[in-house]
2 protein chains.
Amino acid sequence: MKGVDLLKKIINSKQTLVLFANCSVSYNGRAKSFLGKGDRLIIIKSDSTILIHQPVGNNPINYMKQDTQFEIKGSTLYAYNSKEYLDIELHEIYSILNKELKDPQKLELHGTEKHMSDMIYDNPDCIEKGFKPLSREEHTKYGFIDVFGHDSNNNLTVIECKRFTATLDAVTQLRRYVEKIGSLKGVKGVRGIMAAPNISPNAKQMLEDYGYEYRKVDPPEHYGKHRRDQVSLDSF
Amino acid sequence: MKGVDLLKKIINSKQTLVLFANCSVSYNGRAKSFLGKGDRLIIIKSDSTILIHQPVGNNPINYMKQDTQFEIKGSTLYAYNSKEYLDIELHEIYSILNKELKDPQKLELHGTEKHMSDMIYDNPDCIEKGFKPLSREEHTKYGFIDVFGHDSNNNLTVIECKRFTATLDAVTQLRRYVEKIGSLKGVKGVRGIMAAPNISPNAKQMLEDYGYEYRKVDPPEHYGKHRRDQVSLDSF
DNA sequence: GGGGAGAGATGCCGC
DNA sequence: GCGGCATTTCTCCCC
């Protein structure tokens with residue numbers, strides 16, 4: 001089939017490879033899947049990561065991580081490692097593009113939950129007046145705690161923070177920490193505080209059932225508000 | 001810059017578009033990020049999803065989901081919706097590939113947690129002799145339960161299943177369900193059983209602390225064991 | 001390498 | 001739309 005010989009040449013060339021093709025895909029590994037005939041975008045990276053994308057959607061429909069081996073037999077591309085198998089039956093290759101890409105950069109990311117717990121640690125008054133944080137990310141056998149300290153009456157206080165809506169899971173997490181701290185330090189009446197910009201109704205209910213408290217705390221910056229004034233509507 | 005005019009033409013053409021380019025990327029939306037100059041693969045899908053991939057790694061380094069607007073001004077590609085902004089400064093375009101892809105297929109996926117809870121429902125003896133399942137995915141205000149039923153002594157029994165290793169989170173989930181069922185039905189001594197092929201040591205400890213039980217249950221099929229005999233070592 | 005938890009998580013289903 | 005939760009989650013950090 002047209003393109004297969006070229007594909008064989010470059011498949012292990014440490015270049016990044018892009019393929020428009022009509023194909024069927026089957027996967028067997030952590031789960032099992034089959035995808036019938038259709039046009040897709042197949043990407044093979046220089047670290048042998050393979051991604052198969054349909055023309056719509058955010059995520060690859062099939063994929064395998066780095067350290068994948070490739071073989072082409074007939075018009076089928078086999079990708080496999082020790083535990084997983086991906087078979088791509090190529091019905092037609094529309095085009096192939098390949099290039100050695102050089103990219104030394106790493107992403108700088110801001111506005112994570114870590115930044116939020118740092119903000120609480122540095123500005124404890126946003127929780128309540130007199131709160132004195134003792135540590136960040138206290139490790140316990142039952143998990144680790146975002147922020148941990150004393151309130152103005154010297155009660156041990158555990159804070160769990162979430163960047164967005166606090167869910168049932170977040171409340172059970174908080175509960176686990178409060179109980180663990182209580183048993184570790186041998187005290188009762190450890191306070192639990194959920195710090196988040198929002199909380200779901202059921203999570204709020206559960207929080208109150210356990211005698212814990214909710215504090216509305218916005219993330220360090222409000223990240224949706226940035227306006228790019230340099231883009232005007234008539235830029236075309 | 002070379003390629004920019006072609007890019008302007010096809011950027012809103014409902015085709016799937018692939019670009020090898022040297023670029024810098026900044027993002028502002030749910031978080032904030034910056035990525036310095038490097039060679040990347042940029043993908044724009046027919047639903048206006050945009051993905052930026054570095055030459056290594058499984059995941060896109062930056063992305064925006066469908067319903068993104070695009071504008072090109074100078075040599076910068078602006079992608080944005082109502083809440084997020086992605087600016088791609090193009091330093092050099094190496095190549096552009098575009099094609100209308102037609103793909104009507106949906107993925108068939110087997111071997112999920114749903115399949116596992118179905119298996120337990122249909123083969124309750126894999127939990128213990130005499131277990132009688134009553135329902136799958138029982139919805140409660142505190143979450144929904146995988147499998148729920150009576151043991152041979154007519155005790156209410158809640159089962160949480162996991163496809164792989166059961167973690168601390170899984171145990172807190174189980175606990176939440178057991179307590180909710182107990183208070184809903186007004187009974188004590190509701191049993192909690194974690195069904196999974198593995199459990200982490202801390203999760204096991206916590207499970208026992210709460211008086212719950214672990215059952216080693218393998219998924220419906222053992223998915224790592226499939227051998228593709230059609231691939232031989234000398235296929236090149 | 002395993003455990004624990006966040007993620008710009010994403011995607012699915014249910015209400 | 002939000003809520004709850006699985007995911008072939010992935011990734012990072014830390015023991």
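Note that the structure is predicted; figures quoted are calculated from it, not measured. Residue numbers begin at 1 in each chain, while the letters A, B, ... track the order of the sequences.
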Asks: Need one value for B:T167: base, sugar-phosphate or nothing, where a base atom within 4.0 Å counts as base even if backbone is also close, heavy atoms only.
Replies: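 Nothing: the residue B:T167, judged by heavy atoms under 4.0 Å, touches no strand.
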Asks: Would you classify A:K162 as touching base, sugar-phosphate or nothing, given that sugar-phosphate means primed atoms plus P, OP1 and OP2, and contacts are heavy atoms under 4.0 Å?
Replies: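 Sugar-phosphate, no base atom in range.
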Asks: For B:M206 and C:dG3, give me the distance from atom CE to atom P, rounded to whole Å.
Replies: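 Taking atom P of C:dG3 as the reference, CE of B:M206 is at 16 Å.
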Asks: Within the distance-only criterion (no hydrogens, no angle test), does the side chain of B:K216 pair as donor or acceptor with the backbone N or O of B:P197 below 3.5 angstrom?
Replies: yes
Asks: Between A:H53 (NE2) and C:dT10 (P), how many Å, whole number?
Replies: 14 Å
Asks: Could you tell me how far apart A:L107 (CG) and C:dG8 (P) are, to the nearest whole angstrom?
Replies: 8 Å
Asks: Nearest to the side chain of A:E113, which nucleotide is it out of C:dA7, C:dG8, D:dC5?
Replies: C:dA7
Asks: Angle between ring planes, A:H110 versus A:H115, binned at 30° and 60°: parallel, tilted or perpendicular?
Replies: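 A:H110 vs A:H115 ring planes: tilted.
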Asks: Quick check for you: to the nearest 0.5 Å, what is the distance between B:S183 atom OG and A:D209 atom CG?
Replies: 8.5 Å
Asks: Whole Å only: how far is the CD1 atom of A:I145 from the P atom of C:dG6?
Replies: 12 Å
Asks: Can you measure B:D47 atom CG to C:dT10 atom C1' for me and round it to whole angstrom units?
Replies: 14 Å
Asks: Nearest to the B:F164 side chain among D:dC10, D:dT9, D:dT7, which nucleotide is it?
Replies: D:dT9
Asks: Using the C1' atom as the reference point in each nucleotide, state the distance between D:dT7 and C:dA5 in Å, no decimals.
Replies: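 That atom pair is separated by 15 Å.
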Asks: Return the minimal non-hydrogen interatomic distance between A:H53 and B:L51, and the atom names on each side.
Replies: CE1-CD1, 3.3 Å
Asks: Under 4.0 Å between a side-chain N or O of B:Q173 and OP1 or OP2 of D:dA6?
Replies: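 For D:dA6, OP1/OP2 do have a side-chain N/O of B:Q173 under 4.0 Å.
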Asks: Counting only side-chain nitrogens and oxygens, does B:R163 get under 4.0 Å of the OP1 or OP2 atom of D:dC5?
Replies: no
Asks: What is the distance, rounded to the nearest whole Å, between atom NZ of B:K32 and atom C1' of C:dA7?
Replies: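 The distance from NZ of B:K32 to C1' of C:dA7 comes to 19 Å, rounded to the nearest Å.
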Asks: Have a look at A:E84 and say if it touches a base, only the backbone sugar-phosphate, or nothing, with a 4.0 Å heavy-atom cut-off.
Replies: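 The answer is base, as A:E84 lies within the cut-off (heavy atoms under 4.0 Å) of a base atom.
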Asks: Within the structure, does a side-chain N or O atom of A:R30 lie under 4.0 Å from either OP1 or OP2 of D:dC10?
Replies: yes
Asks: Checking all strands, does B:N62 fall into the base, sugar-phosphate, or nothing category for heavy-atom contacts under 4.0 angstrom?
Replies: base
Asks: Might you point out which heavy atoms bring A:F20 and B:T16 nearest each other, and give the distance in Å?
Replies: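 For A:F20 and B:T16, the tightest heavy-atom pair comes out as CZ-O, 3.7 Å.
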Asks: When the nearest nucleotide of DNA chain D is assigned to A:M64 and to A:D169 on a heavy-atom basis, which residue is associated with the more 5' position?
Replies: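 Result: A:D169.
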Asks: Of A:N58 and B:P201, whose nearest nucleotide on DNA chain C comes first from the 5' end?
Replies: B:P201
Asks: Report the distance from atom CD of B:Q66 to atom P of C:dT10, rounded to the nearest whole Å.
Replies: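 Interatomic distance, CD of B:Q66 to P of C:dT10: 12 Å.
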Asks: Can you tell me if B:Y177 touches the phosphate of D:dC5, counting only side-chain N or O atoms and a distance under 4.0 Å to OP1 or OP2?
Replies: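 Checking B:Y177 against D:dC5: at least one side-chain N or O falls below 4.0 Å of OP1 or OP2.
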Asks: Look at all strands and tell whether B:I199 reaches a base, only sugar-phosphate, or nothing, counting heavy atoms closer than 4.0 Å.
Replies: nothing
Asks: For C:dG4, take OP1 and OP2 only and decide whether either is under 4.0 Å from a side-chain N or O of B:N202.
Replies: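 The answer is yes; a side-chain N or O of B:N202 sits under 4.0 Å from OP1 or OP2.
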